[in-house]
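Below is one structure, written out as structure tokens; comments come after it.
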Amino acid sequence: MQLCGQLFAMTGFPAHIKPMVFGWPSSHGKLSFMQGVASAESAEVHADLAAFLRGLHAAGASKVHLVAHSQGARLLCHAIHTLAREQIFE
């Protein structure tokens, strides 16, 4: 997350762009990939990300660009599936 913050600070993003980072618990170690998969598959984490995106919508965000990598992409797909049923973002 620190590198992401540095990128946004150093590239001079326009004031109307508000970068945000969503993180969730994972672990480091020999089994970290499988633990990361389990964490990204967690219904609680899916609900947290969906709530975060609902909050952006409720705060008036009309356009949201989402970028995800690895397990974050897996998590994002689950959250988008949930939000698509609710028709939060078109």
Spacing of [atom1] belonging to [X] relative to [atom2] belonging to [Y], to within rounding of 0.5 Å:
| X | Y | atom1 | atom2 | value |
| --- | --- | --- | --- | --- |
| Phe22 | Asp48 | CZ | CG | 5.0 Å |
| Leu75 | Leu49 | CG | CG | 5.0 Å |
| Cys77 | Leu66 | SG | CG | 10.5 Å |

Exercise for review: List the atom of Ala79, the atom of Ala50, and the distance in Å for their closest heavy-atom pair.
Suggested key: CB-N, 4.3 Å
Practice item. With sequence neighbours excluded, give me every salt bridge (Lys or Arg N to Asp or Glu O under 4.0 Å) pair touching residues 3-16. Key: none
Exercise for review: With sequence neighbours excluded, tell me which residues meet side-chain contact (heavy atoms from CB on, under 4.5 Å) with Ala51.
Suggested key: Arg54
**Study point:** pair His78-Glu41: side-chain heavy atoms closer than 4.5 Å
**Key:** yes
Exercise for review: Return the set of residues passing side chain to side chain donor-acceptor pair (under 3.5 Å) with His46 (not counting sequence neighbours), or none when no residue passes.
Suggested key: none
